[in-house]
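Following: one structure in structure tokens, then a few remarks.
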Amino acid sequence: MIKIEWTKKALREFDLVYNFWIDHNKSNRYSEKILDETLRKINVLRDNPKAAKEYTVLGLRRIMVLENFSITYKSGKNKIQIISFFDNRRNQNEI
């Protein structure tokens, strides 16, 4: 079975997005939807690590979550490393 490993940066980014939407919406409903869809996409990656196209010479891949979020990851023989979780509507320099 393929192991999923989150970098500290990716966990921090996910946590920031999750909590932002709780604060913004005054509800955890949308944040839970983000979490559920993220877990679903990770299961897709577990079954097919090359589900997303490589976009760098470093072998990084990006898969969309819902319409506004991206998971950047790198796949190895027995592991997928989640490099970042990003809200595509935000400026990269804000994080």
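Every heavy atom of this structure was used, including side-chain atoms; hydrogens, water molecules and symmetry mates were not.
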Inset, instruction - Please test Y18 against T38 for side-chain contact (heavy atoms from CB on, under 4.5 Å), starting from the C-alpha separation and ending with a verdict. - result: CA-CA 11 Å; Y18 186 89; T38 298; over 6 Å; no

Legend entry - Partners meeting side-chain contact (heavy atoms from CB on, under 4.5 Å) with K8 (sequence neighbours left out): none

Inset, instruction - Could you list the residues that satisfy salt bridge (charged side-chain N to carboxylate O under 4.0 Å, His left out) with E32, not counting sequence neighbours? - result: none

Measuring from [X]:[atom1] to [Y]:[atom2], what's the distance to the nearest 0.5 Å?
X: K53; Y: L60; atom1: NZ; atom2: CG; value: 14.5 Å
X: E5; Y: K74; atom1: CD; atom2: NZ; value: 12.5 Å
X: L35; Y: N28; atom1: CG; atom2: CG; value: 10.0 Å
X: N25; Y: F20; atom1: CG; atom2: CZ; value: 8.0 Å

Inset, instruction - Would you check if there is a donor-acceptor pair between the side chains of R46 and N43 at a distance under 3.5 Å? - result: yes

Legend entry - Between N19 and D23, a side-chain donor and acceptor under 3.5 Å: no

Inset, instruction - Over all heavy atoms of both residues, which pair between L45 and I63 is shortest? Give the atoms and the distance, please. - result: CD2-CD1, 3.9 Å

Inset, instruction - Compare every heavy atom of Y73 with every heavy atom of R62, then report the nearest pair and how far apart it is. - result: N-CE2, 4.3 Å

Legend entry - Shared hydrophobic cluster, I83 / V44 (ILVMFWY, side-chain heavy atoms < 4.5 Å): no

Inset, instruction - Could you tell me whether E13 and K9 make a salt bridge, using a distance below 4.0 angstrom between a side-chain N and a carboxylate O? - result: yes

Does any N or O in the side chain of [X] come within less than 3.5 Å of the main-chain N or O of [Y], such that one atom is a donor and the other an acceptor?
X: K50; Y: S75; result: no
X: N88; Y: N68; result: yes
X: K41; Y: M64; result: yes

Legend entry - Partner of F14 by ring pair (Phe, Tyr, Trp, His ring centres under 6.0 Å), out of F85, F69, W21, F86: F85

Inset, instruction - From the options N78, N48, I80, D47, select the one residue that forms a side chain to side chain contact (heavy atoms under 4.5 Å, CB included) with I2. - result: I80

